[in-house]
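Below is one structure, written out as structure tokens; comments come after it.
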Amino acid sequence: MTLVTDQLTSGTVAAYLAARPHLAGPVDPASIVSVDEVGDGNLNLVFIVKDAAGNGVVVKQSLPHVRVDPTWPLTRERAAREAVVLGAHERIDPAHVPGFYGFDADALALSIEDLSDHSVWRGELNAGRLHPYAAAQLGEYVGAVGFATSVFGTPGPERRRRIAEATNPELSEITEDLVFTEPYVDHEHNGWLDANADDVRELRADRAFVREMGLAKQRFQESTQSLMHGDLHTGSVFVRAEGESVRAFDSEFGTYGPTGFDLGAVWANLVIAAARAHVLGRTADAETLLRLPVQLVDAFEAEFRRRWPDRVDPRVYGDEVLEHTLAQVRSDAAVYGAAKAVRRIVGFSKVADILTLPAPKQAEAARLVLRAARRLGTARLDDSDPRTLTALTVELLG
């Protein structure tokens with residue numbers, strides 16, 4: 001059984017690293033000058049540690065419960081799953097994830113690169129700083145790990161062992177409930193403004209859309225297509241304009257699943273950011289944001305195609321298989337984008353993009369997001385080209 005040490009605090013992290021110098025990364029454990037707890041998510045403690053030379057490291061320890069609801073317990077073993085995902089992704093595409101220094105199985109804590117010189121993309125978007133280059137880089141990231149961890153990039157026996165190592169049942173169930181089920185039923189996690197009540201009723205009455213959510217959930221549960229990040233929203237992406245640096249972090253929901261899920265998560269959050277920009281009168285920004293999914297998917301496909309000649313088994317995996325695979329991922333990206341967008345408006349854990357707007361504008365932005373989601377979820381059945389789907393969502397701004 002895993003031995004879990006005491007929950008870390010700002011006052012104990014320095015001693016913790018001094019006793020485990022292999023987790024200190026570039027930091028000198030003997031000259032630590034500051035430890036700041038910066039975690040603002042629901043699931044973890046996050047500490048930024050600095051030494052006298054200005055070097056930094058981040059220590060992340062899983063909480064035994066949801067931060068905002070101590071009665072909602074969580075398995076702390078998810079930290080081990082994050083270590084597996086981050087380690088694999090760093091080996092494949094180190095340019096787009098934090099450096100990974102190590103994992104302490106006793107304390108269930110990870111040691112990762114300090115990216116304090118970056119900013120969280122959601123905060124930047126909310127402030128009107130778009131960083132549009134981030135979409136293509138995230139597409140490249142998903143393309144790299146999507147190919148490398150798929151049947152095309154990893155031999156069968158090795159891949160099956162890695163699937164078992166990365167299984168993440170408890171957090172996957174949270175995704176299945178929060179994203180695909182709860183928004184369409186009466187549930188205590190749901191909530192919306194009175195002004196959006198009709199929008200939610202229309203959403204739930206759209207049987208074609210709800211059917212697509214059911215099928216999307218089925219595919220999420222059944223697929224082991226690639227090793228996903230699992231929660232790739234704008235709040236789990238760091239950006240820095242200098243050098244156009246983009247890093248995806250917080251991969252604790254990672255597991256093997258449909259590759260399009262990560263693309264869809266980014267797509268959904270771009271729609272949400274666009275809705276915010278539109279109701280604030282930043283129409284040009286809104287249109288730019290709604291078009292970024294094209295760059296996202298294009299970059300994904302370009303990276304996947306670039307790696308295709310290196311597939312491990314070309315005997316029956318010909319170019320027709322490649323085209324079918326990419327078409328499936330495009331369709332999946334749209335429907336998972338729809339699901340993730342609805343979750344943030346109707347379900348649990350809403351986003352600052354909407355919550356920081358005045359109430360009337362919140363309702364207007366939420367309405368736009370729900371309408372865009374319904375179009376993405378069903379129109380993709382006729383044409384899953386992100387250019388076509390983008391044109392349909394841009395129409396909503398008229």
Side-chain angles (χ1 to χ4, degrees), residues 25 58 60 78-103 110-113 115 118 133-168 172 223-233 236-239 243-266 295-314 317 321-322 325-326 328-329 332-333:
V58 170
K60 177 179 177 181
R78 66 187 184 276
R81 304 288 82 74
E82 181 174 4
V84 168
V85 176
L86 179 55
H89 286 195
E90 184 192 37
R91 289 190 294 272
I92 296 163
D93 187 16
H96 291 124
V97 294
F100 179 43
Y101 303 134
F103 173 61
L110 296 96
S111 173
I112 59 180
E113 181 181 5
L115 293 171
H118 290 59
Y133 57 85
Q137 289 201 40
L138 290 174
E140 181 181 332
Y141 162 61
V142 178
V145 299
F147 180 90
T149 61
S150 74
V151 296
F152 308 121
T154 306
E158 178 184 351
R159 188 170 181 276
R160 292 184 184 96
R161 286 191 291 271
R162 292 184 178 182
I163 290 171
E165 184 182 32
T167 187
N168 201 352
S172 293
S223 173
T224 56
Q225 189 173 22
S226 66
L227 182 56
M228 310 178 301
H229 176 284
D231 199 23
L232 194 59
H233 53 77
S236 59
V237 174
F238 281 128
V239 293
E244 295 190 349
S245 178
V246 179
R247 307 288 192 93
F249 64 97
D250 274 0
S251 53
E252 63 200 338
F253 279 80
T255 190
Y256 277 80
T259 304
F261 186 79
D262 278 347
L263 295 172
V266 179
Q295 297 181 26
L296 171 79
V297 177
D298 280 358
F300 160 79
E301 292 197 11
E303 180 63 17
F304 208 96
R305 290 181 188 278
R306 187 184 72 80
R307 291 171 176 259
W308 184 249
D310 298 327
R311 59 198 182 279
V312 296
D313 186 0
Y317 291 146
V321 173
L322 170 64
T325 299
L326 294 178
Q328 179 66 66
V329 173
D332 283 351

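- Residue Val142 forms a side chain to side chain contact (heavy atoms under 4.5 Å, CB included) with just one option from Asp93, Val297, Leu296, Leu232, and that option is Leu232.
- A salt bridge is absent between Arg161 and Glu165; no separation between the charged side-chain nitrogens and carboxylate oxygens falls under 4.0 Å.
- When side chains are defined from C-beta on, Phe147 does not count as touching Ile92, because their heavy atoms never get closer than 4.5 Å.
- Using a 4.5 Å heavy-atom threshold, the side chains of His89 and Tyr141 count as touching.
- Here the side chains of Leu86 and Val97 are in contact, with some heavy-atom distance below 4.5 Å.
- Minimum interatomic distance between Tyr317 and Asp313 (heavy atoms only, all atoms of both residues): CD1-O, 3.0 Å.
- Within the 3.5 Å criterion, the main-chain N or O of Ala164 finds no donor-acceptor partner in the side chain of Thr167.
- Between Glu303 and the options Arg306, Glu301, Arg305, a side chain to side chain contact (heavy atoms under 4.5 Å, CB included) holds for only Arg306.
- Closest non-hydrogen pair, Gly230 versus Asp262, comes out as N-OD1, 3.0 Å.
- With contacts defined as side-chain heavy-atom distances shorter than 4.5 Å, the pair Thr149/Arg159 does not qualify.
- When side chains are defined from C-beta on, Thr259 counts as touching Phe300, because their heavy atoms get closer than 4.5 Å.
- Here the OG-CZ distance, from Ser223 to Phe261, works out to 11.5 Å after rounding to the nearest 0.5 Å.
- Listed here is the closest heavy atom pair of His118 and Ser245: NE2-OG, 2.7 Å.
- We find the CG-CD1 distance between Asp250 and Ile112 to be 7.0 Å, quoted to the nearest 0.5 Å.
- Within the model, atoms CD of Glu252 and OG of Ser236 stand 10.0 Å from one another, a figure rounded to the nearest 0.5 Å.
- Between Phe249 and Phe238, the ring-plane angle classifies as parallel under the 30° and 60° cut-offs.
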Between Phe304 and Val329, does a side-chain contact (heavy atoms from CB on, under 4.5 Å) hold up when you go through it step by step?
CA-CA 11 Å; Phe304 208 96; Val329 173; over 6 Å; no
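- When every heavy atom of Asp332 is checked against every heavy atom of Pro258, the shortest pair comes out as OD2-CB, 4.2 Å.
- Here the side chain of Ser251 pairs no donor or acceptor atom with the backbone of Val85 at under 3.5 angstrom.
- You'll find the side chain of Val246 reaches within 4.5 Å of the side chain of Val237, heavy atoms only.
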Please report the C-alpha distance between Arg162 and Tyr256 in whole Å, then the side-chain angles of each, then the deciding distance to 0.1 Å, and finally whether the side-chain contact (heavy atoms from CB on, under 4.5 Å) criterion is met.
CA-CA 9 Å; Arg162 292 184 178 182; Tyr256 277 80; 3.6 Å; yes
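- Between Glu82 and Arg78 there is no salt bridge, since none of the side-chain N atoms of the basic residue sits less than 4.0 Å from a carboxylate O of the acidic one.
- Gln225 places a side-chain heavy atom less than 4.5 Å from the side chain of Thr325.
- Closest heavy-atom contact between Ala248 and Pro98: O-CD, 3.1 Å.
- Minimum heavy-atom separation, Val239 to Ala134: CG1-CB, 4.0 Å.
- Using cut-offs of 30° and 60° for the angle between ring planes, the Phe152 and Trp308 rings count as perpendicular.
- Under the salt bridge (Lys or Arg N to Asp or Glu O under 4.0 Å) criterion, Asp298 pairs with Arg387, sequence neighbours left out.
- Ser226 places no side-chain N or O within 3.5 Å of a backbone atom of Ala148 that could act as its donor or acceptor partner.
- Looking at His229, Gln137, Arg247 one by one, the single match for side chain to side chain donor-acceptor pair (under 3.5 Å) with His96 turns out to be Gln137.
- Within the 3.5 Å criterion, the main-chain N or O of Phe100 finds a donor-acceptor partner in the side chain of Glu90.
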